[in-house]
Number of protein chains: 2
Amino acid sequence: MSTNQQDNHRLPGPVLRRFPRYLTHVRELKKVQQQWVSSREIAETLGLTTSTVRQDMSHLDLTGVSKRGYEVNRLEQVLGDTLGAHTEHRNVIIGAGLLGRALALHADFGEHGFKTVAIFDSDPKVIGRKVGPLTVRPMTLLKRMVRDQKVDIGVIAVPAQAAQMVSDQLVAAGIRGILNLAHTHLHVPKTVVVVEARILARMQEIAYAIRKRRSQQPLTMPAATPAASAGAA
Amino acid sequence: MSTNQQDNHRLPGPVLRRFPRYLTHVRELKKVQQQWVSSREIAETLGLTTSTVRQDMSHLDLTGVSKRGYEVNRLEQVLGDTLGAHTEHRNVIIGAGLLGRALALHADFGEHGFKTVAIFDSDPKVIGRKVGPLTVRPMTLLKRMVRDQKVDIGVIAVPAQAAQMVSDQLVAAGIRGILNLAHTHLHVPKTVVVVEARILARMQEIAYAIRKRRSQQPLTMPAATPAASAGAA
DNA sequence: TAGATTGTTAATCGATTAACAATC
DNA sequence: TAGATTGTTAATCGATTAACAATC
């Protein structure tokens, strides 16, 4: 009996957040019919160390083979199991603006086990419109839909000032998880999982990083060799 | 002379990723005309410890006051400075689908120093259409635009299979930072900052968390008190 | 076989939390 | 004043990296 796997201990956050990246890469390898992949190859592709990759793998019900690495098919299987790609997770989207509709039609969601069963809006002008195979519903139907359709996840795609109210309605309807795309922090009971998408925060990270780099621009020429800049006066 | 601030040392990643949350909260306080905020109040709102908040503040050019906390206006100022909210960062969006258009019209961007100066698409049927004040441009104009308009950041809102090609074009055009909303890992020279939005990965985190909770559901009744469940047979 | 690669232990590194003197 | 709160140091915790025997 090995020490690893047995989805019993909760995965460390950093590990869980690397798994989707592994899964993306592994699916690409599968498409190209590659059979085996080594920790070195994964590490190089994703900018990690081989140690990190092997440590992460040790959380999965999987064993690698010396000289070959991990079997691509098996890896896709266990990562997909962990990330719910092989279980249907039913979700609703609140907000039928551009963002809400983009998510409703987002092909990647379907390929990873997420099924959008309804989309809602509070604006009477929008209610009744078609979004792919769905029809925009009024908020009054939210609670019933979540219950009858066994919805797990609510995706909030409304303006920040409406997000907390929508969140409260989702919680009241018995939702288990919320993806928040609004730019605000949500308060929910601790029985409900909330993950914030924080797209603006990602932009702010970039803004910080590029200003940092500009200000640390060495005074030597761009093409300076390490030796040259090390020896600069 | 205090040990903190002087934007010289690069901020630790976890600190930088909490700053946008602080800024959001502080702007809400400002709206409500609150003058001072304590580490305890921030910690409680955002689910952190007071130690973490004070450690984070020590990276900013700011001093708190005993018994009162931090001045809301000053805090908004220094967080905004750090996150580029008071500097104009010019960006282009590649992809005029629902997602690209949603971002182009995203009000929060403008309020945080980000200005979208152009939106591009490769589809002739879409080129020429209006997106708010912008007109969708063909990809052939990308390079010129990035140079002439001094664009810092490119936002990739195209399907996964096109993302690497778009990224290469942005890099060739001299972009400094990229926000990638496509579900794929990008390879760029290390002079360019890439941040991946990974919305699907956030859904997968939720899927993992809710399945974990379901399976760890205690056998006692939902409404069981801590004492009751601790004593359960 | 020789060499590459895994799985795992131990060492290092860094982030969070606790503690507390200083201070308003 | 007494009590609340900061800023900072030290302790703890956890994640990453290094190292290496096992193995194919």
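Residue numbers start from 1 in every chain, and the chains themselves are labelled A, B, ... in the order their sequence lines are given, proteins ahead of strands. None of these values were measured; they are calculated from a predicted model.
- For residues 22-46 of chain B, no pair satisfies ring pair (Phe, Tyr, Trp, His ring centres under 6.0 Å), with sequence neighbours left out.
- One can place CG of B:Asp56 at 10 Å from C1' of C:dT16, the figure rounded to the nearest angstrom.
- Distance, A:Gln35 CD to C:dT5 P: 17 Å, rounded to whole Å.
- Among the heavy atoms of the strands, none lies under 4.0 Å from A:Thr50.
- Distance from the side chain of B:Gln55 is smallest to D:dA10 among C:dT5, D:dA10, D:dT6.
- The residue B:Ser38 sits close only to the backbone: its heavy atoms come under 4.0 Å of sugar-phosphate atoms, none of a base.
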For each nucleotide in nucleotides 19-24 of chain C, reading 5' to 3', give B when a protein heavy atom comes within less than 4.0 Å of its base, S when such contact involves only the sugar-phosphate, and - otherwise. B---BB
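- Counting to the nearest Å, the C1' atom of C:dT6 and the CD atom of A:Glu41 are 15 Å from each other.
- Heavy-atom neighbours of B:Glu111 CD from other residues, nucleotides or ligands within 6.0 Å: above the threshold of 12.
- Nucleotide D:dT6 holds its P atom 17 Å from the CZ atom of B:Arg74, rounded to whole Å.
- Listed nucleotides: C:dG7, D:dT17, D:dA15. Nearest to the side chain of A:Tyr70: C:dG7.
- Between B:Glu28 and B:Lys31 there is no salt bridge, since none of the side-chain N atoms of the basic residue sits less than 4.0 Å from a carboxylate O of the acidic one.
- In this view, A:Phe19 satisfies the ring-ring contact (aromatic ring centres under 6.0 Å, His included) rule with no residue, not counting sequence neighbours.
- Under 4.0 Å is where a charged nitrogen must lie from a carboxylate oxygen, and between B:Arg21 and B:Asp56 no such pair does.
- Across the protein-nucleic acid pair, A:Phe19 atom CZ and D:dA15 atom P stand 13 Å apart, rounded to whole Å.
- Within the structure, ring pair (Phe, Tyr, Trp, His ring centres under 6.0 Å) contacts touching residues 155-202 of chain B (residues at least two apart or in different chains) are A:His112-B:His183, B:His185-B:His187.
- Atom CG of A:Leu60 and atom C1' of C:dT6 are 15 Å apart (whole Å).
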Solution key, residues 68-79 of chain A side-chain donor-acceptor pairs under 3.5 Å, sequence neighbours excluded:
residue, atom, partner, partner atom, Å
A:Arg74, NH2, A:Asp61, O, 3.0
A:Glu76, OE2, A:Arg27, NE, 3.3
A:Gln77, NE2, A:Asp81, OD1, 3.4

Dot-bracket pairing map - DNA chain C, Watson-Crick plus G-U, both contacts under 3.5 Å, | cross-strand: ..||||||||||||||||||||||
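- Judged purely by distance below 3.5 Å, without hydrogens or angles, the side chains of A:Gln169 and A:Gln164 never pair a donor atom with an acceptor atom.
- Following rounding to the nearest Å, A:Glu44 (CD) and C:dT5 (C1') show an atom-to-atom distance of 13 Å.
- The 12-atom threshold is not exceeded at CD of B:Gln35, counting heavy atoms of other residues, nucleotides or ligands nearer than 6.0 Å.
- Under 4.0 angstrom from either OP1 or OP2 of C:dT6 there lies at least one side-chain N or O belonging to A:Ser39.
- Among the atoms of the strands shown, only primed sugar atoms or phosphate atoms (P, OP1, OP2) are found under 4.0 Å from some heavy atom of B:Thr49.
- Distance A:Arg10 CZ to D:dG14 P: 14 Å, rounded to the nearest Å.
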